[in-house]
Amino acid sequence: MIRESYHAKLSDREHLRSIRKELDVSGVVCLKDFLSPAAIERLQTEILQIEPAAKVSSAQGNRKYSVKGALLEGTVIAELARTPLIMNMINAILDGMPGELEAVIDEPIRADEIVPGLNIMRGPGDVTAFHFDGTFLNILVPVFIPQLEGPNRGQLTIYPNIRSFRRNLYDRIVVPILCRLNLFRLLFTPVEVDYEIGSVYLFYGYRSYHGVLSPGAAGLRCTTNMTVGAARF
């Protein structure tokens with residue numbers, strides 16, 4: 001499923017160190033051309049079969065569709081979540097490197113703490129409201145992305161690393177309130193991510209204020225994901 005060129009990289013200390021440093025500095029990492037063509041084709045076929053069963057979410061400003069749980073069993077995204085290369089990458093990033101990069105977890109992430117999911121948008125009005133996730137890491141794998149131009153492309157929009165992992169009163173309560181103020185968006189510039197199918201995208205879920213903007217035209221937009229460590233939050 002993973003391109004051969006990444007097999008050595010995901011076992012290489014220096015490459016994993018570079019991913020962690022990029023996350024800490026810029027907040028978003030793209031692993032370009034990560035999936036093999038065969039994996040992309042299979043995942044697209046699987047998602048076309050699953051997406052009609054998606055459930056709508058309209059809570060807290062959302063209007064999107066999602067699938068979790070048993071329907072994803074046996075799919076490419078579920079298999080990726082159990083792949084040793086993915087496990088090694090996640091734990092190398094979160095465990096840190098003694099004397100170099102601080103660990104953000106006390107114990108290594110287990111396989112059952114990597115949860116696959118599917119998020120769907122179908123046209124104007126569909127939106128993922130801005131929020132923080134209760135996860136260490138979000139790993140996004142786009143499947144179908146309409147090619148739209150202009151400011152309303154259905155793009156992922158992230159204010160990365162706005163808070164720490166400390167989960168104190170300031171980070172848990174004060175920062176989310178500040179992020180909802182108009183002044184916040186005047187002071188901070190977001191990172192906009194236009195997905196490329198076959199690439200994989202990583203960011204810190206708990207630390208990053210993020211959402212998906214409503215697209216300006218109809219078109220099936222499906223992004224699979226792996227969320228890491230939610231139960232610890």
Side-chain angles (χ1 to χ4, degrees), residues 27-28 47 50-72 77 113-146 148 151-195 201-233:
V28 184
I47 295 310
I50 292 169
E51 69 88 12
K55 296 181 179 179
V56 67
S57 169
S58 56
Q60 299 179 332
N62 292 312
R63 196 185 90 179
K64 63 176 183 177
Y65 308 85
S66 62
V67 176
K68 295 181 181 179
L71 283 175
L72 292 168
I77 191 65
E113 295 182 286
I114 306 172
V115 180
L118 166 65
N119 290 317
I120 300 164
M121 296 167 68
R122 295 182 172 127
D126 291 349
V127 63
T128 302
F130 280 90
H131 63 287
F132 292 98
D133 285 325
T135 61
F136 289 107
L137 198 63
N138 290 358
I139 304 174
L140 309 180
V141 185
V143 183
F144 294 106
I145 304 297
L148 304 178
N152 303 310
R153 308 183 302 279
Q155 67 270 36
L156 174 67
T157 303
I158 305 177
Y159 295 88
N161 300 348
I162 293 297
R163 62 182 181 179
S164 73
F165 278 117
R166 286 191 298 269
R167 284 168 270 173
N168 53 27
L169 179 65
Y170 177 78
D171 284 328
R172 290 189 300 106
I173 306 298
V174 176
V175 173
I177 292 172
L178 293 176
C179 287
R180 291 193 288 270
L181 302 178
N182 289 334
L183 181 62
F184 170 81
R185 299 193 187 193
L186 293 175
L187 294 176
F188 293 93
T189 301
V191 175
E192 292 193 341
V193 178
D194 291 301
Y195 293 130
Y201 301 82
L202 294 78
F203 65 94
Y204 293 128
Y206 184 83
R207 297 189 61 193
S208 301
Y209 191 57
H210 60 281
V212 181
L213 303 188
S214 182
L220 182 64
R221 181 189 189 279
C222 297
T223 305
T224 54
N225 59 71
M226 292 172 269
T227 54
V228 179
R232 302 193 193 192
F233 289 82

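In what follows, every heavy atom counts, from backbone to side chain, and hydrogens, waters and symmetry copies are set aside. Keep in mind the model is a prediction, meaning the values are calculated, not measured.
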Report the relative orientation of the aromatic rings in Y206 and F165; use parallel for angles under 30°, tilted for 30 to 60°, perpendicular for over 60°.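 It falls in the parallel class, under 30°.
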Would you say the side chains of H210 and D133 form a donor-acceptor pair under 3.5 Å?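 Short answer, yes.
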Using distance alone, with no hydrogens and no angle criterion, decide if N138 and N225 have a side-chain donor and acceptor under 3.5 Å apart.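 No, because no side-chain N or O of N138 sits under 3.5 Å from a partner of the opposite role on N225.
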Test item: [X] and [Y] side chains (from C-beta on) under 4.5 Å apart, heavy atoms:
{"X": "F203", "Y": "N161", "result": "no"}
{"X": "R172", "Y": "R166", "result": "no"}
{"X": "I162", "Y": "V175", "result": "yes"}
{"X": "P160", "Y": "R207", "result": "no"}
{"X": "Y65", "Y": "M121", "result": "no"}
{"X": "C222", "Y": "L220", "result": "yes"}
{"X": "V228", "Y": "Y204", "result": "no"}
{"X": "L118", "Y": "I77", "result": "no"}

Just checking N168: does its CG atom have more than 12 heavy atoms from other residues, nucleotides or ligands closer to it than 6.0 angstrom?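 Yes, because the 6.0 Å sphere around CG of N168 holds more than 12 heavy atoms from other groups.
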Are the charged groups of E51 and R122 less than 4.0 angstrom apart, N to O?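 Salt bridge flag = yes for R122 with E51.
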Residues in salt bridge (charged side-chain N to carboxylate O under 4.0 Å, His left out) contact with R232, at least two apart in sequence or another chain: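 Listed in chain order: E113.
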Would you check, one step at a time, whether the test ring pair (Phe, Tyr, Trp, His ring centres under 6.0 Å) holds for Y209 with F188? CA-CA 11 Å; Y209 191 57; F188 293 93; over 10 Å; no
Give the minimum heavy-atom separation between [X] and [Y], together with the two atoms involved.
{"X": "P215", "Y": "G123", "result": "CG-O, 3.5 Å"}
{"X": "I120", "Y": "A54", "result": "CD1-CB, 3.6 Å"}
{"X": "D194", "Y": "Y201", "result": "O-OH, 3.9 Å"}
{"X": "A217", "Y": "L148", "result": "CB-CD2, 4.0 Å"}

Go through Y195 and R221 one step at a time and tell me if the side-chain contact (heavy atoms from CB on, under 4.5 Å) criterion holds. CA-CA 10 Å; Y195 293 130; R221 181 189 189 279; 3.0 Å; yes
Side chain to side chain contact (heavy atoms under 4.5 Å, CB included) partner of R163, chosen from V174, L178, D171: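 With R163 as partner, side chain to side chain contact (heavy atoms under 4.5 Å, CB included) holds for just one option, D171.
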Going by side chain to side chain contact (heavy atoms under 4.5 Å, CB included), M226 matches just one of L137, T135, I139. Which one?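 Of the listed options, the one satisfying the test is I139.
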Kindly determine whether T224 and I47 satisfy side-chain contact (heavy atoms from CB on, under 4.5 Å), including the steps that lead there. CA-CA 9 Å; T224 54; I47 295 310; 3.9 Å; yes
Report the C-alpha separation of D126 and K64 in whole Å, then their side-chain angles, then the decisive distance to 0.1 Å, and conclude whether the side-chain contact (heavy atoms from CB on, under 4.5 Å) test is met. CA-CA 5 Å; D126 291 349; K64 63 176 183 177; 5.7 Å; no
Think R167 forms a cation-pi with F233, using NZ or CZ under 6.0 Å from the six-ring centre and within 45 degrees of its axis?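 Cation-pi check for R167 and F233: passes.
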